[in-house]
There are 2 protein chains.
Amino acid sequence: MLSQTEENYLKALFHLTSETANKSETGTNELAAALNVKPATANDMLKKLKEKKLINYEKYGKVSLTAAGRRQAIEVVRKHRLWETFLYEKLQFSWDEVHEVAEQLEHIYSPKLIEQLEKFLGYPEFDPHGDVIPNAKGELKLQARKTLSQVMVGKSCKLVAVKDNSASFLQYVVKVGLGLSSKIKLISRQEFDGTTEIEVNGKKSMVSQKFADNIFVV
Amino acid sequence: MLSQTEENYLKALFHLTSETANKSETGTNELAAALNVKPATANDMLKKLKEKKLINYEKYGKVSLTAAGRRQAIEVVRKHRLWETFLYEKLQFSWDEVHEVAEQLEHIYSPKLIEQLEKFLGYPEFDPHGDVIPNAKGELKLQARKTLSQVMVGKSCKLVAVKDNSASFLQYVVKVGLGLSSKIKLISRQEFDGTTEIEVNGKKSMVSQKFADNIFVV
DNA sequence: TAGTTTTGTTAGACTACCCTAACTTTATAT
DNA sequence: ATATAAAGTTAGGGTAGTCTAACAAAACTA
C-alpha cells in the first residue's frame, strides 16, 4: 500500500499532466512547487516512485505517470471528489470548505467505504466544483469544456467547473454571483490585459484574465 | 496539533485507565502491548507526552492522563464513535466492520466536520457497540452496567454493550444470536471455570468466562 | 558559441516513530 | 532478606520524509 505522501505525489502528477493542464509530463521543480516541498525532496520521491514503476522518469528528464501510477492517482481523485460531494450534499459544507477536508479524507483506506459512500450519494457524476468523478473502474469521461477566457465577446455560456479549488478563489467566485450552472454573458474584453466584463443574473462585473482562465464553461 | 500517533497513545491511555478498566493509571509495558509497539518505543512517547503536559508520569512510575490529555483523548473517542455510528447507520457496515475504518477516520481534523456529522446522525447517544458517545463538550455519562459474568443464575438481563471490539469477538457474539438490546437469561454456571449457559430468543448456548466478561448488560 | 540563468541532483543533516540489546529498578517469592 | 522475575529505561540504529547548501546539466540569450 502507498503512503499518504506517495498518494499526494501521484495525485499532483495527475493534475499537472492532465488534459486540463494540456501537458503529458512535468518537471521536478513544478512538482515540488505543487506540493509545497523543495525540489530536493521531490527528487527523492521521484526515485522511489520510479522504483515502484508508478512513474516514467530518467535523471534530468521529464516525469509522467505509468498506467499503474495513473490508476492509483485516479483512485485518490475519485475518493477526493466523492468526499467533497458528501460534505457538500449531506453535511452542509460550502463550496470553498470542502476541498481542505477532502484532502484528508481521500487517504482513508477501505474499498467498502468508498463503494458504500458512492451508493449512499446516488452515484454522482460531478463533484461540487463541477469536476467529473471517476467511476469504480477508474474511468473518467472527459468534458468538452473551455475556459471563460476562450469565450468570444457577445456570446453566452454556462459555468460547469472551476480549475482552482482554493477557498480564496471560490469565495471570489461566489462574490461575483457565480455558482455551478450559472449563465454568463460576455459583455466586453480589454485587448490590453484580458480583463473581461461579464453579466450574471443581470449583474455586471469586471474579472481579470487570471480569473477567466480558472472558470470552465460550455 | 497532535500527530495521529500521539492521539493513539492518548486514546489507549484513556481506555486503559477508564472506569471500565477499573484503574486510573497504567504502566509502560501494558501501554506498549495495547498499541502493539515495544516498551522502548512507548517509553519515548511517554517522555514526549509528559513534556506536552498531557500525562502524569515519573521515571519508573505509573502513567495517567492529565485533564488536558483526557480532553484530547475523549475528542478522539468521540470522533471514533460518531464515525462508527455513521458507517453502521448510513453505509450498511456490520457490527464487526465499523471499528477498523473508524480507527482511520477518528484522526481527520475538522471541527465543522464532526459538528455536522453529529447533527446529520441526529445527535446519537450510543455507538453501534453500545458505548456512550461523548458530547461536544467532552462530557460522557457513565453507564450503570455490569458484565454478563456478574449476573446471577436464574436472572435475566439486557445486552447494552460489548467490551472487546475486535471483529472475531463480534462475529462470535452474532453467532450466539446476540445483538444490542438482546434479552439474555442465565440458565447455569460452572463453578470450575465459569462456563455459563445462556438462553437468547429461546436458543440455548454455552459461553466461556472470557466471553461473559466481555458482554455488558443491565 | 559562450556566458548566464534555470532546472535538476547530490550530500549531509534533522525529526518522528519504530526497533534490538543491554542495563537498571521495582516487585515477588521463598 | 536476598535471589529471581518482571517492569521499565537507555543507547544506538533504521526508515520516511523533510530541509539547506553545493554542485551539475540543460536551456536560454545575446
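Chain identifiers are assigned alphabetically (A, B, ...) following the order of the sequence lines, protein sequences preceding nucleic acid strands; residue numbering begins at 1 within each chain.
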Query raised in the report: Along nucleotides 10-16 of chain D, 5' to 3', which nucleotides get a B, which get an S, and which get a -, given that the test is a protein heavy-atom distance under 4.0 Å?
Result: B-----S

Requested in this report: For A/Gln190, enumerate each residue passing the side-chain hydrogen bond (donor to acceptor under 3.5 Å, both in side chains) test, keeping only those at least two apart in sequence or located in another chain.
Outcome: none

Report summary line: B/Tyr57 OH to C/dT25 C1', in whole Å, measures 12 Å

Report task. Report the distance from atom CD of A/Gln4 to atom P of C/dA16, rounded to the nearest whole Å. Result -> 18 Å

Query raised in the report: For residues 60-76 of chain B, which residue pairs qualify under side chain to side chain donor-acceptor pair (under 3.5 Å), counting only residues two or more places apart or in two chains?
Result: B/Asn56-B/Ser64

Query raised in the report: CE of B/Met1 versus C1' of C/dA16: gap in Å, rounded?
Result: 15 Å

Query raised in the report: In whole angstrom, what separates B/Lys50's NZ from D/dG8's P?
Result: 16 Å

Query - Option passing side-chain hydrogen bond (donor to acceptor under 3.5 Å, both in side chains) with A/His80 (candidates A/Gln104, A/His107, A/His99) - result: A/His99

Query raised in the report: Got a sec, which residues hit salt bridge (Lys or Arg N to Asp or Glu O under 4.0 Å) with A/Glu139, two or more places apart in sequence or on another chain?
Result: none

Report summary line: Contacts satisfying salt bridge (Lys or Arg N to Asp or Glu O under 4.0 Å) that involve residues 23-37 of chain A (not counting sequence neighbours) are A/Lys23-A/Glu30

**Report entry** Contacts of type side-chain contact (heavy atoms from CB on, under 4.5 Å), residue B/Tyr57, not counting sequence neighbours
**Finding:** B/Asn43, B/Leu46, B/Lys50, B/Ile55, B/Val63

Query raised in the report: Going by the salt bridge (Lys or Arg N to Asp or Glu O under 4.0 Å) test, which pairs reach into residues 2-17 of chain B, not counting sequence neighbours?
Result: B/Glu6-B/Lys48, B/Glu6-B/Lys52, B/Lys11-B/Glu103, B/Lys11-B/Glu106

Query raised in the report: Taking OH from B/Tyr60 and P from C/dT24, how many angstroms apart are they, rounded to a whole number?
Result: 9 Å

Query raised in the report: CD of B/Glu6 versus P of C/dA16: gap in Å, rounded?
Result: 8 Å

Query raised in the report: Which residues pass the salt bridge (Lys or Arg N to Asp or Glu O under 4.0 Å) test with A/Arg145, sequence neighbours left out?
Result: A/Asp131

Report summary line: To the nearest angstrom, the CD-C1' distance between B/Glu58 and C/dT25 comes to 15 Å

Query - Neighbours of DNA chain D within residues 26-34 of chain B, by heavy-atom distance under 4.0 Å - result: B/Gly27, B/Thr28, B/Asn29

Query - Residues touching DNA chain C, which here means a heavy atom under 4.0 Å, drawn from residues 8-16 of chain A - result: none

Query raised in the report: For A/Val132, does its backbone N or O pair with a side-chain atom of A/Lys141 as donor and acceptor, under 3.5 Å?
Result: no

Report task. Give every residue pair that meets the salt bridge (Lys or Arg N to Asp or Glu O under 4.0 Å) criterion with at least one member in residues 83-102 of chain B, sequence neighbours excluded. Result -> A/Lys112-B/Glu97

Report task. Could you state the atom-to-atom distance from CG of A/Leu46 to P of C/dT10 in whole Å? Result -> 11 Å

**Report entry** Any pair counted as salt bridge (Lys or Arg N to Asp or Glu O under 4.0 Å), so long as it reaches residues 160-176 of chain B, sequence neighbours left out
**Finding:** none

